[in-house]
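All remarks here apply to the structure that follows.
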Amino acid sequence: MKVFSEIRKNAYYDSVSLMQISKKVEQLEGVEKTLVGMGTKLNKDLASNMNISNDALQNTTANDMFIVFKAVDESVAEKAYQMIDELLNNKKQFASEDYRVPTLDSALRQSTDSNLVLISVPGKYAFEEAKKALEAEKHVMIFSDNVSVEQELELKKLAVEKGLLMMGPDCGTAIINHKPLGFANDVSAGTIGIVGASGTGTQEISVLIDRLGEGVSQVIGTGGRDLKAEIGGLMMLQGFKALIEDEATKIIVLISKKPDEKVVEEILELSCTTEKEVITNFIGCNKELIESYGVYYAETLEETALKAVMLTRKEYGEITEVDLFKELKPHNLEIEALITSELEGFSSHQKNLLGLFTGGTLAGETVLIMNRSLKSIHTNMSKGPKIDINTLTELDHDICLDLGEDEFTVGRAHPMIDPSLRTEIIKNGIGNNVAVLLLDVVLGYGSHPDPVGEMYDALVKAKTDAKSRGDYLSIICSICVTDKDPQD
Amino acid sequence: MKIMSNDLNEYLDGYEGLCRIHSVFDHSINLQTEECLFAVFCDIKNVAPMSVVLDELDFRCLKNLDTEEIQLSKHLLIFPNGNIIDLNNSVIWNTTLRSSFNDFKEKDLKRTKKVIKEMILKEGDFQGLGYLVHTIDELYDPEYQPCPEMTNDYVDFIKPKIIEFIEVLSTGSFETINQRASEMIGLGPGLTPSSDDLLSGFMIYLIYMGQSMDLSKEIIKQLTDSIVKNLGEQTNEISKSYMIHASEGKLNKRVKSLMISILSQSKGLKQNVEEVIRFGGTSGTDLMVGIYLGMNMILDEKFKGRLTG
């Protein structure tokens with residue numbers, strides 16, 4: 001046996017490739033031992049120790065890559081050299097040809113082991129692409145909007161038939177096997193599974209779960225219309241079934257904007273087939289109906305997350321039934337003190353509230369909560385007179401706007417990506433009667449890199465303008481983020 | 001969306017001049033200025049100290065560049081053909097942990113240690129220094145059962161050196177620690193030698209667990225400084241810069257998530273350990289062994305005593 005070596009001066013190859021090359025060389029008949037690495041002193045000492053060193057190796061530096069091996073003769077060594085060269089060059093060739101596939105067809109051809117297709121194309125093309133993907137036995141997430149109800153139903157029926165997920169259309173968020181898709185936050189892995197028919201609501205719950213120290217197993221989006229009578233909750237049912245079967249999921253959270261009652265009952269019936277704890281946040285749904293199926297009812301996103309976390313801890317034996325939900329009691333002394341101090345600054349004519357939201361569910365929940373104490377809050381989320389944002393300063397009532405509604409996104413990106421419309425509204429003046437400005441900031445993958453920075457100057461100006469009039473503007477902002485999100 | 005680590009952002013604020021393409025991999029490119037090396041990635045998951053993540057198109061432009069030198073000015077990468085990659089307005093990613101995690105109990109630490117050991121044994125890559133888990137157990141676990149077959153050439157070679165290193169950590173001078181660490185640096189397969197990854201994991205754990213347990217920051221700093229002092233020619237430029245980042249408590253995204261789950265006792269621990277282990281060839285496993293060493297040492301009264309000052 002003789003020692004042979006291949007040295008590449010000042011060359012860097014990633015560890016995985018080097019290890020693979022080393023293994024392949026070692027498998028050659030007539031090769032006994034290989035060592036691969038950078039020419040550090042210690043690696044060279046080790047090679048000497050193993051009796052596979054030579055002068056060439058001893059002359060390397062820490063920035064040179066080496067492969068050294070023992071072979072029976074020159075011809076075997078030649079084969080090994082050829083193989084090393086081929087593998088290193090193939091790698092280079094592969095690297096330079098690394099490219100993004102231009103069509104779904106080529107992606108399906110090239111990536112046969114992938115099992116989910118994320119579709120984000122103009123709505124009119126989404127149906128065909130999604131159908132193609134489902135027919136190729138892939139799960140689908142349609143981020144695009146403007147897909148008709150009829151097309152949605154056809155796609156979802158096909159998915160159910162094939163036992164696949166068809167998330168969307170207009171599915172803003174999902175976390176599948178811990179991979180965030182669309183708008184999603186960097187949430188810790190855990191045992192709570194979520195099926196959501198509302199994007200930011202689902203995001204907010206996952207973020208709160210993370211903040212409370214637990215994590216999610218899967219987050220499945222369904223698209224906002226899924227629980228309407230026309231669609232019949234096909235994907236909520238499909239996602240729910242998947243979580244029932246998923247071993248990593250111990251607690252299940254279901255969330256939707258106002259659903260159809262019959263659809264809700266069908267979903268609740270499915271809950272009877274599992275021993276896993278289920279919590280629902282179905283806006284506007286009858287509490288007694290939900291609880292009659294042994295399912296937990298939660299009215300707000302925060303309550304939903306808290307209940308899911310408490311039930312997880314009960315599952316782990318960390319808390320008992322008696323202590324379950326104890327922490328849900330209000331502990332708002334700090335908030336009350338803040339309210340008292342904020343109230344001091346208002347003038348008597350300041351009696352209105354203005355909500356400018358980028359997240360639809362956050363806006364919806366705000367209206368739901370505010371309706372308990374305010375008589376009529378004007379919103380673009382329900383039928384009623386259209387609100388003209390150019391005349392906001394002249395309006396004299398409480399307003400809450402979802403800036404992600406179609407009327408505001410024609411010709412511009414969703415406000416979570418491009419929040420400039422909100423900045424413009426604030427900059428142009430929000431009216432002297434506004435006492436409280438409610439905002440949201442949704443961070444995470446897919447969202448604007450710095451939504452606060454984007455509106456900061458406008459907020460300062462709004463505050464200063466109020467002060468110069470002898471008024472006071474109170475700004476309250478909800479932030480949806482985890483400490484691991486990219487905006488850090 | 002471009003994402004830049006805060007340390008690179010600070011560095012580029014004051015930098016104007018040439019930078020050289022140091023090395024190119026499938027998913028990363030290293031650029032070198034006169035003072036340092038920084039990385040360019042195209043996947044946000046890879047964001048790390050002294051790095052920037054570009055979108056795929058910009059990344060490919062840089063990768064396919066037919067030159068070795070690029071002008072760097074005011075956060076702009078200017079190619080010889082006039083094309084520009086604008087790094088201004090990048091989202092800034094913090095490489096250190098800002099949250100404090102206090103109220104750490106010994107039983108929590110033991111439970112986490114157990115999970116990490118199980119994960120290394122179950123998911124680890126043992127072509128580097130993974131089997132040192134057994135050496136560590138041999139030193140710290142009274143119920144340790146010998147596993148003579150669980151070894152390889154690297155482990156056999158470094159075992160006496162790491163035992164000496166562990167000994168001096170508790171009682172030796174910082175100079176001796178430096179000597180012993182020097183005898184370990186640069187061993188193992190792959191781009192970043194395994195022993196470097198192990199020491200990085202050890203330093204990172206020590207820094208953050210030290211903060212959580214209110215141990216002396218000064219002593220820990222002296223200790224990590226003495227590990228990376230005079231790295232010289234012992235290892236390559238890339239590994240050297242990773243080790244220096246680790247000694248300053250700077251983390252890449254995967255390790256940051258892992259440290260958050262270790263320190264906050266959250267349920268995502270296994271997932272995050274798995275993410276780290278999967279990274280690189282043996283690097284992730286070797287780094288986890290370093291963390292595992294730190295966990296054992298911090299429970300050792302003699303070592304802990306030194307860190308309480």
Side-chain angles (χ1 to χ4, degrees), chain A residues 10-20 22-23 33 35-46 49-50 61-65 91-92 94-96 98-100 178 186-192 210 212-216 312 316 445-450 453 482-484 486-488, chain B residues 1-3 6 22-28 30 44 47 56 60 63-64 89-94 98-99 125 127 153-154 157-158 183-193 195 233-240 253 256-257 260-261 264-268 270-272 275 280-283:
Chain A
N10 286 313
Y12 296 91
Y13 294 91
D14 65 84
S15 304
V16 180
S17 311
L18 287 180
M19 307 292 282
Q20 282 169 352
S22 158
K23 263 187 189 167
K33 200 150 211 176
L35 192 67
V36 60
M38 305 302 289
T40 60
K41 183 181 173 300
L42 236 52
N43 276 341
K44 290 188 280 191
D45 287 352
L46 174 66
N49 243 21
M50 292 165 65
T61 73
N63 293 310
D64 304 333
M65 187 279 292
K91 199 184 135 24
K92 201 172 166 191
F94 172 76
S96 60
D98 192 13
Y99 77 108
R100 188 181 287 183
H178 313 295
D186 199 334
V187 179
S188 299
T191 56
I192 300 169
D210 182 277
L212 291 163
E214 298 298 333
V216 298
T312 306
Y316 281 104
Y445 296 103
S447 291
H448 187 275
D450 183 15
T482 72
D483 54 5
K484 302 177 281 297
Q487 286 90 346
D488 203 43
Chain B
M1 178 162 65
K2 296 182 183 71
I3 296 165
N6 58 334
H22 173 272
S23 43
V24 179
F25 302 96
D26 282 358
H27 303 293
S28 70
N30 287 307
I44 187 176
V47 65
E56 200 171 318
R60 278 168 55 196
K63 196 169 166 179
N64 296 329
N89 302 321
S90 298
V91 174
I92 303 302
W93 186 82
N94 198 312
R98 284 182 295 197
S99 321
D125 182 329
Q127 295 176 88
D153 293 323
Y154 297 111
F157 186 72
I158 208 166
E183 286 163 12
M184 285 174 58
I185 291 166
L187 179 80
L191 178 64
T192 52
S195 57
E233 302 298 314
Q234 289 161 291
T235 192
N236 63 64
E237 292 300 323
I238 295 176
S239 191
K240 214 184 281 183
K253 189 165 168 55
K256 189 170 177 179
S257 299
I260 291 171
S261 53
S264 65
Q265 297 289 297
S266 67
K267 295 282 186 301
K270 283 189 180 179
Q271 170 73 17
N272 287 322
E275 286 279 334
T282 64
S283 290

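All values below come from the heavy atoms of this structure, side chains included, with hydrogens, waters and symmetry mates left out. Worth saying up front: this structure is predicted, and the values here are computed from it rather than measured. In what follows, every chain begins at residue 1, and chains take the letters A, B, ... in the order their sequences are listed.
- When heavy atoms are compared at a cutoff of 4.5 Å, Asp186(A) approaches chain B solely by way of its side chain, counted from C-beta outward.
- Between chain B and the options Gly453(A), Gly446(A), Gly37(A), Ala62(A), the largest number of non-hydrogen pairs under 4.5 Å is found for Ala62(A).
- Among the candidates Val47(B), Ile3(B), Thr235(B), the residue making the largest number of heavy-atom pairs closer than 4.5 Å to chain A is Thr235(B).
- Side-chain contact check for Leu46(A) versus Leu35(A): some heavy-atom pair is nearer than 4.5 Å.
- Heavy atoms of Lys253(B) lying under 4.5 Å from chain A belong exclusively to its side chain.
- Annotation for Asn89(B): atom CG does not count as buried by contact number, only 12 or fewer foreign heavy atoms lying within 6.0 Å.
- Shown here is Lys2(B), whose NZ atom has more than 12 heavy atoms of other residues, nucleotides or ligands within 6.0 Å.
- Looking at residues two or more places apart in sequence or on another chain, you find a side-chain hydrogen bond (donor to acceptor under 3.5 Å, both in side chains) between Ser23(B) and Asn30(B).
- Using a 4.5 Å cut-off between heavy atoms, Asp450(A) makes no contact with chain B at all.
- Of all heavy-atom pairs spanning His178(A) and Ala189(A), the tightest one is CE1-CB, 3.3 Å.
- If you measure heavy-atom distances from Pro189(B) to chain A, the contacts under 4.5 Å come from both the backbone and the side chain.
- Atom CG of Asn63(A) sits about 5.0 Å away from atom CD of Glu237(B), to the nearest 0.5 Å.
- For Met50(A), the part sitting under 4.5 Å from any heavy atom of chain B is the side chain, from C-beta outward, and nothing else.
- When side chains are defined from C-beta on, Gln234(B) does not count as touching Thr40(A), because their heavy atoms never get closer than 4.5 Å.
- Note on Gly188(B), Ser264(B), Ser195(B): by heavy-atom pairs under 4.5 Å with chain A, the leading option is Gly188(B).
- Interface remark: Ile44(B) contributes side-chain atoms only to the contact with chain A (heavy atom separation under 4.5 Å).
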